[in-house]
Amino acid sequence: MQSPSSVLGSHPSSSPLDDYLQSITSEPLPDPEIKSYPDAVYFNYYALGLSLLFLPIDGYKPKTGLSRAELRDKDLVLDSVDIYNNLPKGQPKTSAGQARQFSPFPALPISIPEPGKPESTLEVAPNTTGKDFVAFLGEPSRKGGGSGPSGGSIGIWCEWKAAGMMVEFGGDDSKSWDRGKDAMWSVLTLFRVDNSVGTSAK
């Protein structure tokens, strides 16, 4: 599967983005859950394991709680994409108080190109581990989580800014850097390289 990084910078109703979303599933494309804020708009496709973060441009400040029809598409650009593998913790809450959960992304593996070498790719599959990412991309530009005073109880994460990619890891191996190389990824975030954006509450 082609990396969704190819549609970064798109507007919500752009043809390339719509074509990409349609290619993910053979089923009819579900409507996303929209969460709008003055500085960000999320399109959450829970059944597809996908969350799209759009940033407002040209002075646009969306109101909180807008519907899809109320958004100004021309003033929103896709800044990052979250792809879910395992079901992560800290899911958003529904109106009934129950946790919404993202299903695993159905179109794995994803081909991630090496920065500066688009002909070289990493095939990110459900069982891709920390050591696979490091072997392909080298040491991350930023990392955190795991055990230790600054890590708390969250799983480890790594960011490769030049590649426009942040990876959160899950499972027991993600709680310690000593075992992190064997941890499988939980959330893969692809972002525009000129404006690094990690994952946040959807």
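By convention here, the first residue in the shown sequence is residue 1.
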Starting at CE of M166, measure out to CH2 of W185 and round the result to the nearest 0.5 Å.
13.5 Å
Any side-chain donor near an acceptor of the partner, S186 and N85, under 3.5 Å:
no
Using side chain to side chain donor-acceptor pair (under 3.5 Å) as the criterion, list what pairs up with T129, not counting sequence neighbours.
D132
Pair listing, salt bridge (Lys or Arg N to Asp or Glu O under 4.0 Å) test, anchored in residues 104-129, at least two apart
none
So CD1 of I156 and CG of D178: to nearest 0.5 Å the spacing works out to 10.0 Å
Mind checking who shares a hydrophobic cluster with V77, ILVMFWY linked at side-chain heavy-atom distances under 4.5 Å?
I57
Hey, mind stepping through V134 and E139 against side chain to side chain contact (heavy atoms under 4.5 Å, CB included) and telling me if it holds?
CA-CA 6 Å; V134 173; E139 288 298 319; 3.6 Å; yes
Closer than 4.0 angstrom, basic N to acidic O: yes or no for D182 and K131?
yes
Begin from the C-alpha positions of I110 and F105 and carry the test side chain to side chain contact (heavy atoms under 4.5 Å, CB included) through to its verdict.
CA-CA 10 Å; I110 300 171; F105 184 71; 3.8 Å; yes
Using the ring of each side chain (for Trp, its six-membered ring), is F102 parallel, tilted or perpendicular to Y84, with breaks at 30° and 60°?
parallel
Return yes if a side-chain donor-acceptor contact under 3.5 Å exists between Q101 and Y46, otherwise no.
no
Check this for me, if you would: do D75 and K61 make a salt bridge, where the nitrogen-to-carboxylate-oxygen distance has to be below 4.0 angstrom?
no
What is the minimum heavy-atom distance between F54 and L78, and which atoms define it?
CD2-N, 3.4 Å
